[in-house]
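The shown structure was predicted, so the numbers you read here are calculated from the model rather than taken from an experiment.
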Amino acid sequence: MSAIFDFDSFPRLETPRLILREATPGDAQDLFEFYRDPQMTRYVTFGVHRTIDDTLAFLAWMADAFQKKDSIRWGYELKETGNLIGSGGLHFWKRNIRCAEVGYHIGPPYWGGGYATEALRAIVAFGFEHMDLNRIEGKHTAGNVGSGRVMLKTGFRYEGTLRQREVKDGLIEDSLWYSILREEYEQPAG
């Protein structure tokens, strides 16, 4: 493992089809196109972005979390076009127990193309190799089976369902939890 990530500069990650980089206000239009789509926000805890200002506020939240050294969230740039097709990262870094929570979104036109799995693999590697994490956890609301498949393909294990744990559009929903441990990352099964 290299030195533990210190938030001095925003890291850039690369996968075969994506560049994971800092998202800036210049990327707001790309992300707004997805976040204004009710299909995209169906399973996330925030609502549809009504205006570009909603997306700019989301980008400001990402930058603020990085400045506070709590979270890092990359924009997913498609190498082929240079446009952002989603975002994701590691949040709620608990240094004392070496744990963080993963979160990610991909725009609907790119669902089923393997982009979320490709990006999540890079994020998991960063967490274990540069943040000295021992555990990375993730969750999704009930019904979002695609998100569960992404985590399973990335080596996460399903841990259980927390009943009526999330609120979405005023409705209380179940939350399904997954995790991957450092030992599972270093010695994958199978």
K.L.:
Is it true that Tyr115 and Tyr76 have ring centroids separated by less than 6.0 Å?
P.N.:
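No, they do not, as the ring centres are separated by 6.0 Å or more.
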K.L.:
Look up atom NZ in Lys79 and atom CD1 in Ile85, then write down how far apart they are to the nearest 0.5 Å.
P.N.:
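Answer rounded to 0.5 Å: 12.0 Å.
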K.L.:
Is Met62 linked to Leu84 within one hydrophobic cluster, defined over Ile, Leu, Val, Met, Phe, Trp and Tyr using a side-chain heavy-atom separation of less than 4.5 Å?
P.N.:
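Looking at the clustering, Leu84 is in the same group as Met62.
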K.L.:
Atom CG in Leu176, atom CD in Glu159: separation rounded to 0.5 Å?
P.N.:
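Between Leu176 CG and Glu159 CD, I get 11.5 Å after rounding to 0.5 Å.
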K.L.:
Taking all non-hydrogen atoms of both residues, which atom of Pro108 and which atom of Gln39 are closest, and how far apart?
P.N.:
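In terms of heavy atoms, the two residues are closest at CB-OE1, 4.1 Å.
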K.L.:
Going by atom types only, do His105 and Arg73 share a side-chain donor-acceptor pair under 3.5 Å?
P.N.:
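Yes, side-chain donor-acceptor contact under 3.5 Å.
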K.L.:
Shortest non-hydrogen contact from Arg12 to Ile19?
P.N.:
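Scanning both residues completely, I find the closest heavy atoms to be NH2-CD1, 3.2 Å.
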K.L.:
Do Ile180 and Phe128 touch side chain to side chain, with heavy atoms closer than 4.5 Å?
P.N.:
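In contact.
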K.L.:
Is it the case that the side chain of Arg36 and the backbone of Thr51 share a donor-acceptor pair, with hydrogens and angles ignored and the cut-off at 3.5 Å?
P.N.:
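Not confirmed, Arg36 side chain does not pair with Thr51 backbone.
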K.L.:
Would you mind checking if Arg95 and Asp132 are paired as a salt bridge, meaning a charged N to carboxylate O distance below 4.0 Å?
P.N.:
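Salt bridge absent between Asp132 and Arg95.
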K.L.:
For Arg165, I'd like to know if atom CZ has over 12 heavy atoms of other residues, nucleotides or ligands within 6.0 Å.
P.N.:
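At most 12 heavy atoms, drawn from other residues, nucleotides or ligands, come within 6.0 Å of this atom.
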K.L.:
Nearest 0.5 angstrom please: Asp64 CG to Asp70 CG, how far?
P.N.:
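With rounding to 0.5 Å, CG (Asp64) is 9.5 Å from CG (Asp70).
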K.L.:
Is it the case that one hydrophobic cluster holds both Trp74 and Trp61, taking links as side-chain heavy atoms less than 4.5 Å apart, direct or via other members?
P.N.:
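Yes, Trp74 and Trp61 fall within the same hydrophobic cluster.
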K.L.:
Does a donor on one side chain sit under 3.5 Å from an acceptor on the other, for Thr15 and Glu118?
P.N.:
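Side-chain D/A pair, Thr15 to Glu118: present.
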K.L.:
So Arg21 and Phe10, do their side chains get closer than 4.5 Å, heavy atoms only?
P.N.:
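The answer is no; the side chains never approach within 4.5 Å.
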K.L.:
Go through the side-chain N and O atoms of Tyr35 and Ser87 and say whether any donor and acceptor fall under 3.5 Å apart.
P.N.:
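Tyr35 vs Ser87: donor-acceptor pair found between side chains.
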K.L.:
Tell me whether Trp111 contacts the main-chain N or O of Ile106 through its side chain, where contact means a donor paired with an acceptor under 3.5 Å.
P.N.:
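Yes: the side chain of Trp111 pairs with the backbone of Ile106.
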K.L.:
With rounding to the nearest 0.5 angstrom, report the CG to CD1 distance, Leu90 to Ile123.
P.N.:
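The CD1 atom of Ile123 is 6.5 Å from CG of Leu90, to the nearest 0.5 Å.
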K.L.:
Would you kindly confirm whether Phe66 and Phe126 end up in one hydrophobic cluster when ILVMFWY residues are joined by side chain heavy atoms under 4.5 Å apart?
P.N.:
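Looking at the clustering, Phe126 is in the same group as Phe66.
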K.L.:
Do you reckon Tyr185 sits in the same ILVMFWY cluster as Leu13, going by side-chain contacts under 4.5 Å, direct or chained?
P.N.:
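They do share one cluster, since a chain of ILVMFWY contacts under 4.5 Å joins Tyr185 to Leu13.
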K.L.:
In Å, rounded to the nearest 0.5 Å, how long is the span from CD1 of Ile72 to CD of Glu22?
P.N.:
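Going from CD1 on Ile72 over to CD on Glu22, the span is 8.5 Å.
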K.L.:
Look at Lys139 together with Glu137 and state whether they make a salt bridge at an N to O cut-off of under 4.0 Å.
P.N.:
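So Lys139 does not pair with Glu137 through a salt bridge.
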K.L.:
Taking all non-hydrogen atoms of both residues into account, name the closest pair between Ala119 and Leu20 and its distance.
P.N.:
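Nearest pair, atom of Ala119 first, then Leu20: O-CD2, 3.9 Å.
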K.L.:
Measuring centre to centre across the rings, with the benzene-like ring taken for any Trp, is His130 within less than 6.0 Å of Trp93?
P.N.:
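Between His130 and Trp93, the centre distance exceeds or equals 6.0 Å.
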K.L.:
Is the shortest heavy-atom distance from the side chain of Phe156 to the side chain of Glu184 under 4.5 Å?
P.N.:
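Phe156 does not reach Glu184 side chain to side chain.
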K.L.:
With distance as the sole test, does Asp37 use its side chain to make a donor-acceptor pair with the main-chain N or O of Phe34 at under 3.5 Å?
P.N.:
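Side chain of Asp37 to backbone of Phe34, a donor-acceptor pair under 3.5 Å: no, none is there.
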K.L.:
What pair of heavy atoms forms the shortest contact from Val150 to Leu120, and how long is it?
P.N.:
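Minimum heavy-atom contact is CG1-CD2, 3.8 Å.
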K.L.:
Using atom types as modelled and distance alone, determine if a side-chain donor or acceptor of Tyr104 lies under 3.5 Å from a backbone N or O of Thr117.
P.N.:
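No.
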K.L.:
Less than 4.5 Å apart, any side-chain heavy atom of Asn83 and any of Glu77?
P.N.:
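When only atoms from C-beta onward are counted, Glu77 and Asn83 do not touch, as no gap falls below 4.5 Å.
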K.L.:
Indicate the atoms forming the closest heavy-atom contact of Val102 with His91, along with that distance.
P.N.:
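Nearest heavy atoms, Val102 then His91: C-CD2, 4.4 Å.
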K.L.:
Nearest 0.5 Å please: distance from the CE atom of Met151 over to the OH atom of Tyr158.
P.N.:
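Going from CE on Met151 over to OH on Tyr158, the span is 11.0 Å.
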K.L.:
Is it true that a side-chain atom of Asp54 and a backbone atom of Arg50 form a donor plus acceptor pair closer than 3.5 Å?
P.N.:
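Confirmed, Asp54 side chain pairs with Arg50 backbone.
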K.L.:
Are any of the side-chain heavy atoms of Cys99 and Phe92 separated by less than 4.5 Å?
P.N.:
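The answer is no; the side chains never approach within 4.5 Å.
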K.L.:
When the ring centroid of Phe5 is compared with that of Phe7, is the distance short of 6.0 Å?
P.N.:
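Yes, they do, as the ring centres are separated by less than 6.0 Å.
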K.L.:
Are there more than 12 heavy atoms of other residues, nucleotides or ligands under 6.0 Å from atom CD of Gln187?
P.N.:
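Incorrect, the count does not exceed 12.
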K.L.:
Tyr110 and Leu78: which non-hydrogen atoms are nearest, and at how many Å?
P.N.:
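Reported closest heavy-atom pair: CE2-CD2, 3.9 Å.
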K.L.:
Would you say the side chain of Leu31 lies within less than 4.5 Å of the side chain of Leu59, judging by non-hydrogen atoms?
P.N.:
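Answer yes - side chains close enough.
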K.L.:
Is there a path from Val124 to Ile4 through hydrophobic residues (I, L, V, M, F, W, Y) whose side chains come within less than 4.5 Å of each other?
P.N.:
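Hydrophobic grouping puts Val124 with Ile4.
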